[in-house]
There are 2 protein chains.
Amino acid sequence: MDLKEKLAELNEKGCSLTIQRHAILEYLYENRTHPTVEKIYYSLKEKFSTISRATVYNTLELLKNYGLIQEITIEKGKSRFDYEVKTHHHFLCHRCNRVYDVNVEGCPLAGKKMINGHKIEELRPYIIGICSKCLQKKKSNDNFVMMN
Amino acid sequence: MDLKEKLAELNEKGCSLTIQRHAILEYLYENRTHPTVEKIYYSLKEKFSTISRATVYNTLELLKNYGLIQEITIEKGKSRFDYEVKTHHHFLCHRCNRVYDVNVEGCPLAGKKMINGHKIEELRPYIIGICSKCLQKKKSNDNFVMMN
DNA sequence: TCTTGACTTAGAATTATTCTAATGTTAGAT
DNA sequence: ATCTAACATTAGAATAATTCTAAGTCAAGA
Ligand SMILES: [Mn+2]
Ligand SMILES: [Mn+2]
Ligand SMILES: [Zn+2]
Ligand SMILES: [Zn+2]
């Protein structure tokens, strides 16, 4: 689902399309790196110097409630956001804190509505480890740069 | 692995077995409800009125690093702990905030060491939804009590 | 007994997030 | 075109979970 379609959907559902909302959704459309709220906030600040954290939080919550983005809580204590809403596995590297998409086929939960009598509404399949880039670095030299 | 074995393992590895550490591990052994840090802290406070939050956090971290307990970060912004360290799926009910174990067979990641070139160290298979108890309550009456 | 290092403690600091109250914006009614 | 009311944004305060700090305890070995 591309940007225009999501913007159209917002509009159809009667949600006013402010410049901030447009900018945040667009940012996620263009940055598929699972940015944190802080990252989104500072990136937008470059264009809209007056944008407030509250607006970023409110908008992300709103877009999430419209089902247009998803929240990723793989990293303890901070949220990240993803333009892609289809359920998929995420991998967090505890060295560099990057979050990757990983494709896992044949998950027995896929499509299931119930488990043990509980109603399934959302899957959060998270994997923690060391990413390929950090494994490389480890091999060559032991110095590495922490990134956000 | 029962309580005595875990305590013995701590001892063997040269970790001093203070009364607080014993109490925290014992608490998790006896309470398999995936308690939050706050829950653990207040429960222990009844017996050890002077125990401090820092000790609870430090001890949970220490036990986790010895591989004797696992941390569960299914609920945004707060940690829970589990005496069981074997990988298993967790289900969070967003109505009552209870966390349940669920048994899922045939996970394609089980036993895998690598994925997409990344080294897998830990799986965190989380499921969000409405638990069986809350589904029941919903049917009969719409009043329900939030629990922690 | 004294020393030393490890452990615990209370409370301060930090971090992410939510709340608040004031201000700004916009679409429909007049 | 202006008014108005609902909605949106803002800066900063408040909150909640966690981590840090510095002082006090404890316990094993010299
Ligand atoms: Mn993703
Ligand atoms: Mn469990
Ligand atoms: Zn990495
Ligand atoms: Zn429930």
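Quick caveat, the model's predicted, so the values are computed rather than measured. Residue numbering restarts at 1 for every chain, and letters A, B, ... go by the order of the sequence lines.
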**Item:** Nearest-neighbour nucleotide for the B:V37 side chain, D:dT10, C:dA16, D:dT18 considered
**Value:** D:dT18

**Complete:** Winner on side-chain proximity to B:R21, out of C:dC7, D:dT9, D:dT19, is C:dC7

**Closest to side chain of A:Y57, choosing from C:dT8, C:dT17, D:dT18** = C:dT17

**Item:** A:L17 CG to D:dT9 P, straight-line distance once rounded to whole Å
**Value:** 10 Å

**Message:** Using OP1 and OP2 only, check whether a side-chain N or O of A:S16 sits under 4.0 Å from D:dA8.
**Reply:** yes

**Request:** Tell me, please, whether A:Y83 has A:K6 positioned over its six-membered ring: NZ or CZ under 6.0 Å from the ring centre and within 45 degrees of its axis?
**Result:** yes

**Prompt:** Between B:K78 (NZ) and D:dT19 (C1'), how many Å, whole number?
**Reply:** 18 Å

**Item:** Distance, rounded to the nearest Å, where A:L62 contributes CG and D:dA8 contributes P
**Value:** 8 Å

**Request:** Would you kindly give the CG-to-P distance between B:N58 and D:dT21, to the nearest whole Å?
**Result:** 13 Å

**Request:** Mind calculating the distance between OH (B:Y41) and P (D:dA16) to the nearest angstrom?
**Result:** 16 Å

**Request:** Give the nucleotide from the list D:dC20, D:dC7, D:dG12 with an atom nearest to the side chain of B:A54.
**Result:** D:dC20

**Request:** Please state whether the phosphate of D:dA11, meaning OP1 or OP2, lies under 4.0 angstrom from any side-chain nitrogen or oxygen of A:T50.
**Result:** no

**Asked** Given that A:K76 and A:I19 both sit by DNA chain D, which one's nearest nucleotide is further toward the 5' end?
**Response** A:I19

**Prompt:** With a 4.0 Å cut-off, would you call A:R32 and A:E84 a salt bridge?
**Reply:** no

**Asked** Which heavy-atom pair separates A:I127 from A:I74 by the least distance, and what is that distance?
**Response** O-CD1, 3.7 Å

**Item:** Distance test, side-chain N/O of A:S79 to OP1/OP2 of C:dT17, below 4.0 Å
**Value:** yes

**Complete:** Between A:F81 and the options A:E71, A:K39, A:Q70, A:H34, the side chain to side chain contact (heavy atoms under 4.5 Å, CB included) test singles out A:E71

**Request:** Under 4.0 Å between any heavy atoms, over every strand shown, what does A:T55 touch: base, sugar-phosphate, or nothing? Just pick one.
**Result:** base

**Message:** What is the separation between atom CD1 on B:I74 and atom C1' on D:dA17, rounded to the nearest whole Å?
**Reply:** 18 Å

**Asked** Regarding A:H94 and B:E121, is there a side-chain donor-to-acceptor distance under 3.5 Å anywhere?
**Response** yes

**Message:** Nearest whole Å is fine: how far is C:dT18 P from A:R53 CZ?
**Reply:** 13 Å

**Nucleotide of D:dT10, C:dA16, C:dT9 approaching B:I51 most closely (side-chain heavy atoms)** = C:dT9

**Asked** What is the distance from NZ of B:K39 to C1' of D:dA17, rounded to the nearest Å?
**Response** 18 Å

